[in-house]
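Structure record follows, encoded as structure tokens.
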Amino acid sequence: MIGLFLSIIVLSCILLYNRYFPVRGIACSSMPDQPADGIMVLDLRAYNESYKNPVPGARNIPVAYLHRYYKEIQHNNIHIIASDKVQRNFGIRILKQKGFQIKGCTIANINA
């Protein structure tokens, strides 16, 4: 019984960490006007959000589809656009696990 309780606590801590703690070493900034050569801009927002406020030249793969479509990402260096911090954290962790280098991120203002 105590083992079950401890495993539930550990699992809860892991889930909270992945959701709310930012990944170290990734600087969030405003979207660069012209991304550097070799850096792909990846929009992790949902299709309906990215349709309303598109980013020219960005590839849109919502964070929920990253496990399925990460092989379509052609560059190793990526700048991420996300709608909130949770989406940013999930996306960065998934892409780092797949071997991509995250060069920066932008939290898009969906109310603009």
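- The heavy-atom pair separating Ile81 from Ala108 by the smallest distance is CG2-CB, 3.9 Å.
- Ring geometry, Tyr65 versus Tyr47: the interplanar angle falls from 30° to 60°, so the pair is classed tilted.
- With values rounded to the nearest 0.5 angstrom, Leu11 atom CG is found 11.0 Å from Ile9 atom CD1.
- The structure places CG of Leu66 at 14.0 Å from NZ of Lys71, a figure rounded to the nearest 0.5 Å.
- Put simply, Ile14 and Leu4 are part of two different groups of oily side chains (I, L, V, M, F, W, Y) that touch within less than 4.5 Å, one to the next.
- In this structure, the side chains of Leu95 and Ile80 come closer than 4.5 Å at one or more pairs of heavy atoms.
- The shortest non-hydrogen separation linking Met40 to His75 is CB-CD2, 3.4 Å.
- Contact detail for Cys105 and Ile26: the closest heavy-atom pair is SG-CG2, 4.0 Å.
- At least one test fails for Arg45 against the ring of Tyr51: distance under 6.0 Å to the centre or angle within 45° of the axis.
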Val41 vs Thr106, side chain to side chain contact (heavy atoms under 4.5 Å, CB included): CA-CA, chis, key distance, verdict: CA-CA 10 Å; Val41 178; Thr106 301; over 6 Å; no
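- Between atom CD1 of residue Ile39 and atom CD1 of residue Ile78 there is a gap of 10.0 Å, rounded to the nearest 0.5 Å.
- Counting only heavy atoms from C-beta outward, the side chains of Arg93 and Tyr17 approach each other to under 4.5 Å.
- Linking ILVMFWY residues whenever their side-chain heavy atoms come closer than 4.5 Å, directly or via other members, leaves Ile107 and Phe90 in distinct clusters.
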Verdict with supporting geometry, Ile61 and Asp43, side chain to side chain contact (heavy atoms under 4.5 Å, CB included): CA-CA 6 Å; Ile61 301 177; Asp43 192 349; over 6 Å; no
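- Closest of all the heavy-atom pairs between Pro54 and Pro56 is O-CD, 3.8 Å.
- Residue Ala46 comes nearest to Gln87 through the heavy atom pair N-NE2, 4.3 Å, listed as atom of the first residue, atom of the second, then distance.
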Step-by-step side chain to side chain contact (heavy atoms under 4.5 Å, CB included) determination, Ile73 to Phe100: CA-CA 9 Å; Ile73 301 171; Phe100 294 99; 3.7 Å; yes
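- Side chains of Arg59 and Gln74 form no contact here, defined as non-hydrogen atoms less than 4.5 Å apart.
- Between Asn76 and Gly99, the shortest heavy-atom distance links the atoms OD1-O, 3.1 Å.
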Full working for side chain to side chain contact (heavy atoms under 4.5 Å, CB included) between Lys96 and Ile102: CA-CA 7 Å; Lys96 282 180 111 27; Ile102 310 301; 4.1 Å; yes
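- A distance of 10.5 Å separates CG in Asp84 from CG in Leu44, rounded to the nearest 0.5 Å.
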